[in-house]
Amino acid sequence: MSSLKKYLKKTWLGKHIKKTIYKKLKKEKPFPGSAKYWEERYLSDRDSGPGSYGRLANFKAEILNSFVQDNAVKTVLELGCGDGHQLSLATYPHYIGFDVSEEAIRLCKNKFKEDSNKEFYLSQDEDKKNSQAELALSLDVIYHLIEDHVFEGYMQRLCDSASKYIIIYASNYDDDSIDAHVKCRKFTNWMGAHVPEKWKLKECIKNRYPYDGADPKNTSMSDFYIYKSATSF
């Protein structure tokens with residue numbers, strides 16, 4: 001079985017077979033929806049995924065903490081805080097986290113209950129939908145937004161949630177054949193088409209551990225994309 005898995009990961013034919021099997025299963029078992037998927041995932045004691053743990057989490061924390069310090073960022077808002085493990089490595093002066101999962105918010109509130117500099121809310125909370133910070137974060141979220149309308153709404157809210165900077169950590173190409181809960185999107189096209197006069201791409205930082213099919217838990221298809229308010233240039 002292990003040799004078959006390696007074959008499916010490494011060879012062109014193996015990858016083609018994997019995609020064919022995935023598409024068949026996708027038709028047989030419809031995806032429950034992005035929000036429901038993550039709520040069920042956290043309720044079943046699964047975590048936010050390998051991107052929020054180990055060396056990938058440390059890499060993300062290194063980049064983000066340095067950016068916050070170097071740019072004297074006072075407030076950070078994240079859309080998709082997950083189980084809070086990535087946040088445990090952060091050194092932000094003040095943080096507001098949102099997530100579509102009630103269980104994720106419960107986990108975060110419990111994990112950081114002694115930290116008065118952190119706040120957590122459901123993304124659906126109408127009273128907090130207009131919250132804003134100097135820096136808005138989207139970390140390993142965009143490629144989990146399967147529905148087009150969810151993606152559109154998320155991107156607009158992300159852009160409205162920041163006053164100075166936006167940092168997106170995600171894949172940036174189109175591919176919906178990876179898994180039921182993964183839909184990679186070339187989101188820079190959306191940014192260029194919808195908010196070119198408001199946000200400018202300042203820098204792209206490539207992943208220290210680029211994706212390797214033979215080691216998916218310790219590598220990532222995501223890179224950092226740092227946007228700056230056009231009025232600050």
Side-chain angles (χ1 to χ4, degrees), residues 32-69 72-147 150-151 153-170 181-182 217 220 222 224:
S34 301
K36 188 174 182 180
Y37 169 83
W38 286 100
E39 180 69 358
E40 292 177 349
R41 179 174 174 131
Y42 290 124
L43 285 172
S44 62
D45 293 325
R46 296 176 65 193
D47 58 37
S48 292
S52 297
Y53 290 80
R55 69 182 190 180
L56 290 173
N58 291 331
F59 166 64
K60 288 156 73 175
E62 177 187 325
I63 299 297
L64 294 169
N65 289 337
S66 293
F67 183 89
V68 168
Q69 181 176 358
V73 173
K74 297 295 189 295
T75 54
V76 178
L77 183 152
E78 182 176 9
L79 295 183
C81 58
D83 61 17
H85 189 271
Q86 181 68 57
L87 182 60
S88 67
L89 304 175
T91 55
Y92 308 147
H94 189 81
Y95 172 92
I96 306 173
F98 288 89
D99 204 280
V100 296
S101 166
E102 291 187 16
E103 179 64 9
I105 295 302
R106 186 193 69 78
L107 291 170
C108 286
K109 285 184 175 181
N110 184 61
K111 186 188 293 286
F112 300 103
K113 59 185 176 182
E114 304 298 328
D115 191 343
S116 61
N117 292 319
K118 293 181 175 62
E119 307 172 49
F120 301 96
Y121 304 100
L122 271 173
S123 298
Q124 304 90 304
D125 189 334
E126 290 292 336
D127 293 336
K128 298 296 179 179
K129 279 193 173 182
N130 294 322
S131 298
Q132 192 178 69
E134 292 178 356
L135 167 64
L137 300 177
S138 173
L139 309 177
D140 282 322
V141 173
I142 290 176
Y143 58 81
H144 287 308
L145 306 177
I146 307 304
E147 307 90 341
V150 173
F151 165 73
Y154 178 91
M155 292 300 296
Q156 190 60 62
R157 182 171 178 180
L158 180 67
C159 292
D160 292 341
S161 295
S163 61
K164 293 184 178 180
Y165 307 102
I166 295 173
I167 295 183
I168 296 173
Y169 179 77
H181 69 289
V182 175
K217 290 187 177 181
S220 175
S222 295
F224 278 105

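We count residues from 1, following the sequence as given.
- Using a distance-only test at 3.5 Å, with no hydrogens or angles considered, a donor-acceptor pair links the side chain of Asp99 to the main chain of Gly82.
- Of all heavy-atom pairs spanning Ser138 and Leu158, the tightest one is CB-CD2, 3.9 Å.
- The main-chain N or O of Gln86 is never found under 3.5 Å from a side-chain atom of Ser52 such that the two would form a donor-acceptor pair.
- Note that CG of Leu77 and CG of Asp160 are 11.5 Å apart. Values are rounded to the nearest 0.5 Å.
- A donor-acceptor pair under 3.5 Å is absent between the side-chain atoms of His85 and the main chain of Tyr53, judged by distance alone.
- Two rings, from Phe59 and Phe224, have their centers less than 6.0 Å apart.
- In terms of the side-chain hydrogen bond (donor to acceptor under 3.5 Å, both in side chains) criterion, Glu114 has no residue partners (sequence neighbours excluded).
- Rounding to the nearest 0.5 Å places CG of Leu43 at 11.5 Å from NZ of Lys36.
- The environment of NZ in Lys217 is sparse: at most 12 heavy-atom neighbours from other residues, nucleotides or ligands sit within 6.0 Å.
- Side-chain contact check for Glu134 and Thr75: no donor-acceptor pair (N or O, by modelled atom type) lies under 3.5 Å.
- For the residue pair Glu39 and Glu103, the shortest heavy atom distance occurs at OE1-N, 3.2 Å.
- Within the 4.5 Å cutoff, the side chain of Ile166 has heavy atoms near those of the Cys159 side chain.
- Contact annotation: the side chain of Tyr95 never approaches that of Val68 to less than 4.5 Å [non-hydrogen atoms, C-beta and beyond].
- A 4.5 Å side-chain heavy-atom check between Ile96 and Lys128 finds every atom pair outside the cut-off.
- The number of heavy-atom neighbours closer than 6.0 Å to CG of Asn130, taken from other residues, nucleotides and ligands shown, is 12 or below.
- Among residues two or more places apart in sequence or in another chain, the side-chain hydrogen bond (donor to acceptor under 3.5 Å, both in side chains) test is passed with Asp125 by none.
- Within the 6.0 Å centre-distance limit, the rings of Tyr165 and Phe67 are counted as a close aromatic pair.
- With ring centers used as reference points, Phe120 lies under 6.0 Å from Phe112.
- Between the side chain of His144 and the backbone N or O of His181, at least one donor-acceptor pair lies under 3.5 Å.
- No hydrogens or angles considered: nothing links the side chains of Thr91 and Gln69 as a donor-acceptor pair under 3.5 Å.
- With contacts defined as side-chain heavy-atom distances shorter than 4.5 Å, the pair Ser123/Arg157 qualifies.
- Checked by atom type and distance alone, the side chain of Glu78 never pairs as donor or acceptor with a backbone atom of Leu139 at under 3.5 Å.
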